[in-house]
Peer 1: 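Have a look at this one.
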Amino acid sequence: MRIVVTGREGQLARYLQAVGASSGVDIVCLGRPGLDLAEPASIPEALLASGADAIINAAAYTAVDRAESEPEKAHAVNAVGAGLVAEAAQRLGVPIVHVSTDYVFDGAAGHPYREEDRVCPLGAYGASKHEGELRVAAANPRHVICRTSWVYSPHGQNFVKTMLRLAGERDEVGVVSDQFGCPTYALDLAETLLRIARKVVEEKAAASPLFGVFHVAGSGEASWADLAEAVFAASASSGGPSARVRRIETKDYPTPARRPADSRLDTARLQQRYGIALPDWRASVGDCVSRLQAGRAGAGSPTPVSPLASS
C-alpha cells in the first residue's frame, strides 16, 4: 500500500513517515519544490504520477496571525490547493484524508463541537480552512475531513517547544487561561490518520459512513495555561527547565487574529465509526517532553514566542 502525503517537513508529515515505516506502509511525502500547494500547476503533475492508493493532505498554511495580513496566500494553499489535491485524488480513483482545524468554529457554542455544528470562522486562517473543506468535499466524494486542534510535537514550531524554551529563559510565563481546546500530539494524530487511510482504501462506496467530516483530537480538554503547566511539570520531573505560569486573559495579550474562546472538539463520531480514541493529552505531553529532553528529535528551527504567552 502506498499512501502519499502532501508536505514533507511539517510536524505531521514527519510522524506519518515514522509511523508508516514502523507499520509496513509505503509513505511518500511530497513537498516543495516538486509539489507546492500555492502553485496550482504543480499539484496534478506531482500527484497523478505518484502511484497513490490514498492521499493524506497534511500540507497547509498555518500562520494564524500572519494570515490576517496575507489572506490571499492562506486561501491559495488551504482552499484552492486543498481542492486541487482532492481533485487529483478523484482522478486517480483514490480517497483523500484532509486535515482541517478547530478554527473553523467561533468558540461560542458552549459545548464541545460536533461535526454538524455551525461553522463560523473568526479569522482569515479559519475561513481559508473552511473553504478548503468545502472544495475537498465537492471534488472527491470519497473524502475524510479530519478537524484537529492545538497540534504539538518535538518537531517544528509549536506551543510545547515554545514553553520549554521560555522556561529556560525566565522564572514566570504569562499564558492565556480563557481559551479552551483539545491539545493533540502529532504522533497520536499521525497514527490515527494512517489507520483511517488504510481503512478507506478499499471502501469504494462514497455513501459509506467512513467518509465525511470527523473530529480528531486528543482526549480531554485544557486551556493554554493548563497545557503550559503540564509541560513544565513533565519537564521538571526529569530535571528539565520549568517556570511558574501566570494566568492571563485574552484581552491582556491581543493578537492580529481572533481565536475561538472554546474550540473543544467532540470526537464521538470517530469512536463510533472507526473505533478510535486518541490518548489523554496529559500522557501525550509527557511523551513529547521526554522525547525532546532525550534528544530523540531534532531541535528544528528557532521557535518564536507563542502569541498565547507573554513575558
Side-chain angles (χ1 to χ4, degrees), residues 57 60-65 67-68 71-72 74-83 85-86 96-151 176 178-184 189 192-193 196 206-224 249-251 254-274 276-278 281 307-308:
N57 184 33
Y61 177 110
T62 58
V64 176
D65 285 321
E68 296 302 305
E72 298 84 3
H75 184 267
V77 174
N78 294 342
V80 178
V85 171
I96 180 169
V97 179
H98 172 68
V99 182
S100 190
T101 175
D102 57 329
Y103 279 26
V104 300
F105 297 115
D106 62 10
H111 59 75
Y113 279 96
R114 296 178 290 270
E115 288 82 355
E116 64 273 15
D117 283 336
R118 183 177 71 97
V119 169
C120 185
L122 296 176
Y125 167 71
S128 70
K129 293 297 287 183
H130 177 227
E131 177 66 20
E133 292 184 359
L134 297 176
R135 291 181 181 233
V136 166
N140 191 337
R142 293 172 67 207
H143 63 266
V144 184
I145 295 170
C146 298
R147 293 177 182 146
T148 192
S149 64
W150 297 22
V151 178
V176 169
D178 58 354
Q179 292 177 25
F180 299 89
C182 301
T184 306
L189 179 59
T192 299
L193 295 179
I196 289 172
S208 167
L210 295 180
F211 294 117
V213 180
F214 293 84
H215 289 170
V216 183
S219 296
E221 59 189 57
S223 68
W224 290 109
E249 297 181 1
T250 299
K251 65 180 178 61
T255 57
R258 292 177 60 201
R259 288 166 167 78
D262 183 357
S263 60
R264 293 171 297 154
L265 298 176
D266 184 324
T267 60
R269 178 179 294 178
L270 179 71
Q271 297 177 45
Q272 292 165 359
R273 299 187 185 179
Y274 280 93
I276 298 173
L278 274 67
W281 68 267
L308 302 163

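Note that the coordinates shown come from a computational prediction; the quantities given were computed from them, not determined experimentally. Numbers here are sequence positions counted from 1.
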Peer 1: Using salt bridge (charged side-chain N to carboxylate O under 4.0 Å, His left out) as the criterion, list what pairs up with D262, not counting sequence neighbours.
Peer 2: R264
Peer 1: How would you list, by chain and number, every residue that makes a ring pair (Phe, Tyr, Trp, His ring centres under 6.0 Å) with Y274, sequence neighbours excluded?
Peer 2: F214
Peer 1: Could you report the tightest heavy-atom contact between T267 and A217, atom names first, then the distance?
Peer 2: CG2-N, 3.9 Å
Peer 1: Quick check for you: to the nearest 0.5 Å, what is the distance between W150 atom CH2 and S223 atom OG?
Peer 2: 6.5 Å
Peer 1: So, the side chain of E115 versus the backbone of H215: is there a donor-acceptor pair under 3.5 Å, distance only?
Peer 2: yes
Peer 1: Holding to ring pair (Phe, Tyr, Trp, His ring centres under 6.0 Å), I want the full list of residues that pass it with H143, two or more places apart in sequence or in another chain.
Peer 2: none
Peer 1: What's the separation between atom NE2 in H98 and atom CG in L193, rounded to the nearest 0.5 Å?
Peer 2: 11.5 Å
Peer 1: Would you say the side chain of F180 lies within less than 4.5 Å of the side chain of E221, judging by non-hydrogen atoms?
Peer 2: no
Peer 1: What pairs with L278 under side chain to side chain contact (heavy atoms under 4.5 Å, CB included), at least two apart in sequence or on another chain?
Peer 2: T184, D188, T192, V216, L270, I276
Peer 1: Considering residues at least two apart in sequence or located in another chain, which fulfil the side chain to side chain contact (heavy atoms under 4.5 Å, CB included) criterion with V80?
Peer 2: H75, L84, R135
Peer 1: Taking all non-hydrogen atoms of both residues into account, name the closest pair between S263 and D102 and its distance.
Peer 2: OG-OD2, 2.6 Å
Peer 1: Using modelled atom types and a 3.5 Å cut-off, is there a donor and acceptor pairing between side-chain atoms of D65 and backbone atoms of A257?
Peer 2: yes
Peer 1: Drop me the distance from I196's CD1 to C146's SG, to the nearest 0.5 angstrom.
Peer 2: 4.0 Å
Peer 1: D266: what forms a side chain to side chain contact (heavy atoms under 4.5 Å, CB included) with it, not counting sequence neighbours?
Peer 2: P112, R114, A268
Peer 1: Can you see which heavy atom on S100 is nearest to which on I145, and at what distance?
Peer 2: CB-CG2, 4.1 Å
Peer 1: Please list, chain by chain and in numerical order, all residues satisfying salt bridge (charged side-chain N to carboxylate O under 4.0 Å, His left out) with D178, sequence neighbours excluded.
Peer 2: none
Peer 1: Go through the structure and list residues passing ring pair (Phe, Tyr, Trp, His ring centres under 6.0 Å) with Y61, not counting sequence neighbours.
Peer 2: none
Peer 1: According to salt bridge (charged side-chain N to carboxylate O under 4.0 Å, His left out), who are the partners of E249, at least two apart in sequence or on a separate chain?
Peer 2: K251
Peer 1: May I ask you to decide if G107's main-chain N or O and Y113's side chain share a donor-acceptor pair within less than 3.5 Å?
Peer 2: yes
Peer 1: State, to 0.1 Å, how close G126 and P121 come at their nearest heavy-atom pair, and which atoms those are.
Peer 2: C-CB, 3.4 Å
Peer 1: Quick check: does any side chain N or O of R259 sit under 3.5 Å from a backbone N or O of T250, one acting as donor and the other as acceptor?
Peer 2: no
Peer 1: Find the distance between CZ (R147) and OG1 (T101) and round it off to the nearest 0.5 Å.
Peer 2: 9.5 Å
Peer 1: Going from OG1 on T148 to CG on L189, what distance comes out if it is rounded to the nearest 0.5 angstrom?
Peer 2: 4.5 Å
Peer 1: To check you understand the geometry: which heavy-atom pair defines the closest contact between F105 and D117, and what is its length?
Peer 2: CE2-O, 3.7 Å
Peer 1: Quick one: list whatever passes side chain to side chain contact (heavy atoms under 4.5 Å, CB included) with E72, sequence neighbours left out.
Peer 2: none
Peer 1: Considering non-hydrogen atoms only, spot the tightest contact between C182 and G220 and give its length.
Peer 2: SG-O, 3.5 Å
Peer 1: Tell me, please, which residues at least two apart from W281 pass ring pair (Phe, Tyr, Trp, His ring centres under 6.0 Å).
Peer 2: none
Peer 1: Could you check whether any side-chain heavy atom of E68 comes within less than 4.5 Å of a side-chain heavy atom of T255, counting everything from C-beta outward?
Peer 2: no
Peer 1: Mind checking salt bridge (charged side-chain N to carboxylate O under 4.0 Å, His left out) for R273 and listing every partner two or more places apart, or none if nothing turns up?
Peer 2: none
Peer 1: Can you tell me how far the CG atom of N78 sits from the NZ atom of K129, to the nearest 0.5 Å?
Peer 2: 4.5 Å
